[in-house]
Amino acid sequence: MTTILQQNAYTPQSIEAKWQATWQAAKLHAIDTANPEPSGETFYCLSMFPYPSGRLHMGHVRNYTLGDVVSRIKRMQGYTVLQPMGWDSFGLPAENAAIQRNIAPEAWTLENIAYMRGQLQRLGFAYDWSREVLTCQDDYYRWTQWLFLYLYQRGLAYKKEAPVNWCPIDQTVLANEQVIDGKCWRDGALVEKKRLSQWFFKTTAYADQLLDNLETLSGWPERVKTMQARWIDRSLGTEVKFDIADSDFAIDVYTTRADTLMGVTYLALAPEHPLVAHVTRPEHLAAVESYQQEAKNKSELDRTAEGREKTGVPLGSYAKHPISGKLIPIWVADYVLADYGTGAVMAVAAHDERDFEFAKKYNLPIIEVISAPANCDSGDQSSLSNDKPGAYTDKGILINSGDFDGLDSDAAKEQITQFLTARQLGQAKVQYRLRDWLVSRQRFWGAPIPIVYCEKCGTVAVPESELPVKLPSAHDVDFQAKGKSPLASCDAFVNTVCPNCEGPATRETDTMDTFVCSSWYYLRFVDPHNTSQPFDPALIARWLPVDQYIGGIEHAILHLMYARFFMMALADGGLTGCKENQEPFKQLLTQGMVLKDGAKMSKSKGNVVDPDEILKTYGADTARFFILSDSPPQADFDWKDSGVEGCFRFLQRVWRVVSDARSLVNLSAPAPSILDDTLTGNQKDLLRMTHQTIAGISRDIEGKTSASEPDLNASFQFNTVVSKLRELVNFMSKHAIQSEPGSQENIDSSCPVYSFAVSSLLKLLAPLCPHISEELWHRLGGSGFIHEQAWPVADPAALVAEHATVVVQINGKLRDQFEVATDTPKEALEATARLLPKIAGLLEKQTIVKTIVVPNKLVNFVVKPI
RNA sequence: GCCGGUGUGGCGGAAUGGUAGACGCAUGCGACUCAAAAUCGCACGCAGCAAUGCAUGUCAGUUCGAGUCUGACCACCGGCACCA
């Protein structure tokens, strides 16, 4: 039995648990993706699923609150909303726990998931838990393996030996995208280069599509698109072949400046270039080899350090210029990167800063072939001086270039490329910075790569019927195996029979990068229990792309590009329902970080806020309300304990304002009309205020659009939603009294206007604070769940105020103001303004040049002295 | 260096080209209370007793009117960086 006292106090903990259980029992958030409501449109709202690290942090709370509010609003607006949740549950920390604490990775992972799932439930998120997926379970990773084979069969997965990034701490290779400033993205260890045979996904096959499609993603933040574009970095240039004198070899170089071809004075090869060994003159061999060794010993970071002095040694051999036939010395220099272009460059010292620096240092000739256009006075016009401070790198007019003299750079690029192509000395070439995605990992806790090596048949794909290739038990592997996958230590796993010839064979022992698992989870959520295929393409056609995706900016390149690659590759095989369905995420919101008192939360600083503590003290509604309040979602959010207090106070006020009047409020009463003349002035004011709040909040959640330049990035302005809810509650608590009749000043709580205000408030608050609004809704006798109610719609007639404050300006400066009835004619406004004593005084001895009148807003007198 | 973003009180932040600082936090004063907490009320950009003046990173421009539009610059944050 609850006592009167308890009924009157706001005790979030008991309310929240009760409603969470009730909603779950009523399957309020479960949907059938195969049969969405016939009437409603679908809306797929997805937050990036978490890695089960142990417990939620405030970044999760912010991410998932944003997604939950969007989902709940869309549902009230009539959409069939899919909001699933799952776990990105393969990964290294589980393995480290196994090593350090002797817990099996699976046990550690499942324990964390159980705890974190409980936290998500206590926060009241409206997930359809029947769709939960764990990427580490074989009913999921069997399809990750299936998709690997799908890519393999389409030539998009291949194995090759290549210099790869090796992290000495994680004891595994890394993708290019996982190396930041030469260091491992996870632990900051200096990455080493190793030559290994590894599996790659051919992301470069989609380089153009990944780049070009960015333009269609109008719902993505500009900075994410820019980051991806620069990562892919397409450049259009020319490959030029240089024959080597007295040799059968030729060196291909890549250049974007074919117009400078006649200015080439040497060639430079990367130390790793395979031809170095073949074209070095015997007398130079010792010096070249020692230079190569030196380069090898330097770390990636050292080699690319900013402002480093360029070095190199000559090979003693010469190349023939493809047009002039002149002999050009060949050098090896470590400023040339082995893995961009052809690993060799034609050096044009006069027009490239790096080549210029190198030529100066080693006294190589500098030939100017581009002069600044005549109408451009920036460049140094005096020709061939030896003491130029630097290279002229802009476009210009060709000189010293024989038949090409006088052309401008753009025309020259084209004509020189044509000239070379006709003689088979070169060709136009597109070059990307993007590399193929290295997906092999020498780790245990990941999806095994479903490949078998047979002595007779070679590399053989595991047949679909034999999937999943299951991970062995953690007891049977040695996690400490250095430099190779722990799976290689498990004979029972390694030794198998060839699916082709049934002869002895061994399994691939590497597992897949966990980013492979997370590249397709948004597809599985639509059809999570399918046992015959990863997902039904017909369902994908209906639900994809994800309407709203929400997550951290740290995935701007990694996850978001891999997922786009997957979707494109699947679209080409018809697995996404139709070929056009090739982008996974229509709208993307990248939320800012959660800070504490202006600083990044970190364990070492001891300023981490634990969501559990907040839940215990204030409840989920307060936590949700606060994290939505102070900053727009894209900006960083500063967690302040006093701010949480303020939000808790606010919800207590809502509780009081609503429940004080609960016997008088009638939620089923029809909404009063603003035209009803029996309403008092104050009642009309509250009615207008309520409609204005509905209109304002509805606008804030649709994203900003200005008439002149629609901002297509829908931004959810939940911080201003919070402000508007506070204003409405302020207004209500100021004007409401409890059934004290006869007062004209205040609003009787029993009047229909008050009931309307209360029901609107609860509906507007429901997506943000689902528990308190549900509780109050029921206490006031509302029918059904509040989350099933229709989103309120503002009455345009009630948005017009009765009075307007008109501002009077003189020469644009504010001088006075007055109140008038709305829509008072211009002439009357001007006349009234002139007669204001203050204005009249100021207008003396002035000539009015012009008067601007904006109805309901202002009167501006433009004056000058007589 | 290149690319992107952001600059508004003590703080987080509001402002369809039309009253800059909504809403909140912090602070101060007052009411209630034996007292405290809670709650409620008032004040709160800067200078000034006031009238008033000055204020949205800086400098120009457009406009009757600019935080908002245009141009140049500065600062900070983020991404990439010897990419030929």
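Numbers restart at 1 for each chain; the letters A, B, ... are given by sequence-line order, proteins then strands. The model shown is predicted, which means the values in this text are computed figures rather than measured ones.
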Proximal nucleotide (of [options]) relative to the [X] side chain:
{"X": "A:Val862", "options": "B:rC64, B:rU19, B:rG12", "result": "B:rC64"}
{"X": "A:Arg649", "options": "B:rU19, B:rC25, B:rG53", "result": "B:rC25"}
{"X": "A:Leu814", "options": "B:rG4, B:rA20, B:rG18", "result": "B:rA20"}

>> With a 3.5 Å limit on both atom pairs, tell me what B:rG71 is paired to, counting Watson-Crick and G-U wobble, or say none.
In response: B:rC59
Regarding [X], tell me which of base, sugar-phosphate or nothing describes its non-hydrogen contacts under 4.0 Å with the strands shown.
{"X": "A:Asn730", "result": "sugar-phosphate"}
{"X": "A:Ser631", "result": "sugar-phosphate"}
{"X": "A:Gln817", "result": "base"}
{"X": "A:Val348", "result": "nothing"}

If you take atom types as modelled and just measure distance, does the side chain of [X] reach the base of [N] with a donor-acceptor pair under 3.5 Å?
{"X": "A:Lys640", "N": "B:rC11", "value": "no"}
{"X": "A:Lys857", "N": "B:rU16", "value": "yes"}
{"X": "A:Thr720", "N": "B:rA14", "value": "no"}
{"X": "A:Arg230", "N": "B:rC2", "value": "yes"}
{"X": "A:Gln809", "N": "B:rG18", "value": "yes"}

> When the distance from CZ of A:Phe637 to P of B:rC11 is rounded to whole Å, what number comes out?
Replying inline: 18 Å
>> For A:Phe650, does the six-membered ring have the charged nitrogen or CZ of A:Arg726 within the cation-pi criterion, i.e. under 6.0 angstrom from the centroid and within 45° of the normal?
In response: yes
> A:Thr342 and side-chain contact (heavy atoms from CB on, under 4.5 Å): which partner among A:Lys241, A:Glu239, A:Gln431?
Replying inline: A:Glu239
>> Under a 3.5 Å distance rule, please check whether A:His691 uses its side chain to pair with a backbone N or O of A:Leu799 as donor and acceptor.
In response: no
